[in-house]
Amino acid sequence: MSLSRAESIAVVGDLRRARRRQRVAEIHWIDAMYQVYITGIIAVVALMFLSSLIGDGQVSASVVADVKLHGPAVCGLVAALALFVGLRSGSRGGPLALERPDVRHVLLAPVDRGVALRGPAWRQLRFGCFVGAAVGAGAGQLALRRLPGNQAEWMFFGALFGVCVFCLSFGSALVASGVKLPSWVATIGGGALVAWSVADIAGRAPTSPATHVGSLPLWPLHTDAVAIVGVVAALVLVGLGMATVAGTSLEAAERRTSLVGQLRFAVTLQDLRTVMVLRRQLAQERPRSRPWIPARSGHPRFPVFQRGLRSTLRWPIGRLGRFAVLIVVAGLALRGVWAGTTPLVIVAGLALWLAALDAAEPLGQEVDHPGRTDTFPFERGRLFVRHLPIIFVVAAITGLLAGVVTLLPGTASVPAGEALIVGVMASVLAACGAVVSVVQGAPEAVDSMAMTTPEIAGMRTVYRAAWPPGMAVIGTLPLIAARAAAERAARPTAGTETMAPIAAAVLASLPLLLLVALVAGWTRFHDQIHAWIAEAMEQASPTKAAERASAEREERERAALARIEAEKAAKTEEAAKTGGAVKAAPKTRPKAGPPPAAKSKPKPSAPPKGVQGGKSAKPIGRRRDQEPS
Amino acid sequence: MTSAPAIESRGLTKTYDDIVALHPLDLTVAAGEAVALIGHNGSGKSTFLRMVAGLLEPSGGDLEIAGFDLSDVEARGTTSYLPDEPVLYDDLSLREHVEYISRLHGGDGFDDYAEGMCERLGLAERVDDLPARFSRGLRQKTAIVLALARPFSLLLVDEPFVGLDQPGKLVLLDLLDEVHADGAATLVATHDPSYVDRVDRSVALRDGEVVFDGRATLDQVLSLVGG
């Protein structure tokens with residue numbers, strides 16, 4: 001028996017309405033309004049912060065011309081990346097995040113699956129468009145501060161571009177999922193478009209289709225009717241996606257059900273480790289059954305190092321590919337830094353840090369299983385620190401490869417010595433950041449800092465999130481030092497000593513080596529440091545101090561009682577030995593402690609009128625009170 | 001007139017990367033037949049059931065349910081799947097679950113049959129409660145009600161006795177007998193020898209391959225499930 005489309009709409013609609021009623025009934029409206037209020041404040045603060053970064057001075061005419069020339073290609077790259085991400089997500093069963101009962105009960109029922117899936121798809125589309133429009137309008141507002149044009153136009157076209165980018169990503173994901181596009185086709189197709197856009201930016205390829213979409217947000221500067229094609233393409237993709245959504249794989253949908261929920265929760269908790277593990281599961285990125293190079297049999301001398309090595313040798317092809325891309329991105333960013341674009345240190349650092357997080361996977365496995373590490377006959381810190389060598393070895397190889405990308409001939413090529421030193425140092429520091437990320441784990445829900453003021457707790461949150469990638473960025477300092485030395489050497493001034501760039505890079509690396517040693521020490525003694533801080537916080541807590549005083553007082557009272565008992569027993573024993581009558585020892589009692597905190601409530605002599613007892617514990621107490629003693 | 005087999009698989013396989021979960025499997029379950037699917041952990045029982053239910057996509061081979069291709073909506077209308085782990089909405093009561101899930105399958109909602117089943121399983125007092133707050137056993141009983149309170153001609157059951165108390169287990173055994181007597185085919189994956197005793201046919205899987213097909217004795221069952 002199967003349901004007609006009309007019947008499907010009616011039953012699925014009834015089910016959704018019943019669930020919505022239940023959910024609405026459970027909403028705590030004050031909490032909801034508070035959340036809206038907090039979100040609004042955060043949005044305003046973020047916008048003001050970005051505005052202050054951008055400044056408000058109008059740019060020169062030549063810069064405006066540059067923006068007109070290259071802006072569409074850069075914005076087009078954003079659209080191409082969104083399409084790439086959408087295709088990849090769709091090929092793995094995205095973008096819909098369904099609930100498992102919906103998969104089991106609704107999608108397995110003989111209803112029209114299109115009817116069942118379009119509801120959630122519209123909801124996600126609606127929310128995504130809203131976010132896209134908000135971000136786009138915000139970006140338009142920021143652009144207006146430096147670029148000429150009308151405020152309403154900048155915000156409108158920014159919002160339109162934001163919606164367009166989201167729709168391109170969401171629509172392509174729906175289509176890829178609906179037609180069950182193989183993952184490799186999605187990667188190649190989306191990757192080709194991204195590569196075309198990158199080549200377009202570099203001026204090495206004809207205009208990419210994405211560049212036309214990218215001219216949409218710049219409409220206030222330069223009207224380009226072809227940009228409408230982007231809007232049409234987004235609408236067509238969403239329409240096609242909605243038409244093909246019924247073809248979504250149930251296997252992929254069910255796999256995503258729990259993972260997406262957990263992923264959101266982990267992101268909320270800033271639990272980076274869980275985010276990474278879940279993302280791998282979503283992408284079905286599993287270690288290879290057979291390592292690339294078979295392990296030697298026998299008893300290895302350094303088991304922890306060998307364990308890490310075997311884990312690394314099982315990296316799947318997808319992870320190796322991502323690793324290669326990150327190395328190239330880091331290398332190119334370092335070239336950009338050498339050419340004078342200092343902010344690219346952030347890109348290089350982040351790319352190396354992400355690569356190092358993969359290298360720190362064996363350590364992450366240990367951190368994930370505290371129950372297992374606690375059974376070892378030595379401290380966890382000793383185990384953790386033995387994982388560092390393999391992480392640093394992988395990081396050094398990564399750095400050398402990034403260095404090779406940096407020194408390749410071409411624009412902004414870095415001299416070989418500087419390139420290799422900087423590559424290795426930046427990667428090792430990135431590895432330190434990854435180790436800190438992994439070892440510090442997720443923030444505890446309740447700890448000694450949980451009750452501190454929002455300013456302190458907030459700073460700690462920012463520190464936890466920013467410090468690990470920050471270390472990776474700091475690792476690029478030798479390149480900046482070498483660049484500065486090279487600039488000084490190129491324009492020598494009287495009275496200023498010049499230094500060879502490679503010497504400057506080595507010199508700048510020395511304090512970084514100290515940082516590496518500190519991170520190794522922190523890893524070794526992390527648990528002890530944590531315990532010490534917790535104890536110090538406890539000592540400083542007034543509540544804990546009062547509790548401690550109370551405990552000490554009780555201890556003194558117990559000791560006094562024990563002493564009296566012992567004296568009594570000794571006297572009794574002495575009397576028994578002498579056989580004489582024992583004069584009763586004067587009864588003493590320990591000094592009365594402070595009165596109890598709360599006076600016990602007098603029990604009623606009879607149950608209150610009208611109460612007949614029941615199944616709870618209270619009536620039993622009342623009955624006992626009534627019994628004759 | 002001969003009706004189409006409840007399940008007919010030809011060369012059905014399932015692989016995860018380089019791991020073969022199910023080797024090419026040829027298996028036919030006749031309409032109205034009661035079959036026990038036995039085998040040790042990892043033998044492929046749940047994989048086969050989930051493929052028949054439509055939750056997993058076969059890597060190869062053909063699978064027909066009551067003469068319909070697995071992807072046909074009619075195949076979904078024929079099959080009822082009772083999983084080993086109950087999957088329930090957090091925000092619907094037991095009555096609402098039955099009401100909507102039965103209607104999604106073209107049933108009458110929370111009817112007398114569903115009410116009777118709730119009574120037999122000891123859920124009569126809890127029909128207006130949220131199953132999300134139930135114990136594991138009560139959730140399993142709720143899943144049993146949901147699986148049976150709708151039209152089907154093929155019932156797939158995966159490890160049905162996990163989490164059930166003894167009275168619950170006896171009621172479920174009776175319900176499975178009644179379903180079979182009503183003419184529905186049943187395929188029950190279990191480690192429990194007591195169920196195998198009640199059916200005429202057992203199919204044993206080992207490492208994704210059929211190693212036994214016929215009426216099994218207790219000794220055979222124990223050897224096949226590794227008991």
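Chain identifiers are assigned alphabetically (A, B, ...) following the order of the sequence lines, protein sequences preceding nucleic acid strands; residue numbering begins at 1 within each chain. Every value quoted in this text rests on a predicted model; they were computed, and no experiment measured them.
Note on B:Leu88, B:Leu130, B:Asp91, B:Leu92: by heavy-atom pairs under 4.5 Å with chain A, the leading option is B:Asp91. Ranking B:Ile101, B:Leu55, B:Ile19 against chain A, the residue ahead of the rest is B:Leu55, based on heavy-atom pairs under 4.5 Å. Comparing A:Val106, A:Val103, A:Asp14 by how many heavy-atom pairs each has under 4.5 Å with chain B, the most go to A:Asp14. Heavy-atom pairs under 4.5 Å with chain B were tallied for A:Ser249, A:Ala109, A:Ala252; the largest tally goes to A:Ala109.
A salt bridge does not link A:Arg21 to B:Glu96: none of the charged side-chain nitrogens sits closer than 4.0 Å to a carboxylate oxygen. Salt bridge B:Glu85/A:Arg104: absent, no basic N to carboxylate O contact under 4.0 Å.
Enclosure of atom OH in B:Tyr16 by more than 12 non-hydrogen atoms of other residues, nucleotides or ligands within 6.0 angstrom is indicated. For CG of B:Asp112, the number of neighbouring non-hydrogen atoms (other residues, nucleotides, ligands) closer than 6.0 Å is 12 at most. For A:Trp292, the CH2 atom is densely surrounded, since the number of other residues' heavy atoms within 6.0 Å is greater than 12.
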- Task: Please step through side-chain contact (heavy atoms from CB on, under 4.5 Å) for the pair B:Glu57 and A:Lys180, ending with a clear verdict.
- Result: CA-CA 12 Å; B:Glu57 286 159 17; A:Lys180 296 191 174 67; 3.5 Å; yes
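Contacts of B:Phe152 with chain A are absent, with no heavy-atom separation under 4.5 Å from either backbone or side chain. Both the backbone and the side chain of B:Leu104 come within contact range of chain A, each with at least one heavy atom under 4.5 Å from a heavy atom of that chain.
Put simply, the side chain of B:Arg50 reaches to within 4.5 Å of the side chain of A:Glu254, judged on heavy atoms. Using a 4.5 Å cut-off on side-chain heavy atoms (C-beta onward), A:His105 and B:Tyr89 make contact.
Residues A:Val111 and B:Arg76 share a closest heavy-atom pair of O-NH2, 2.7 Å.
Atom NE2 of B:His97 and atom CG of A:Leu15 lie 9.0 Å apart (nearest 0.5 Å).
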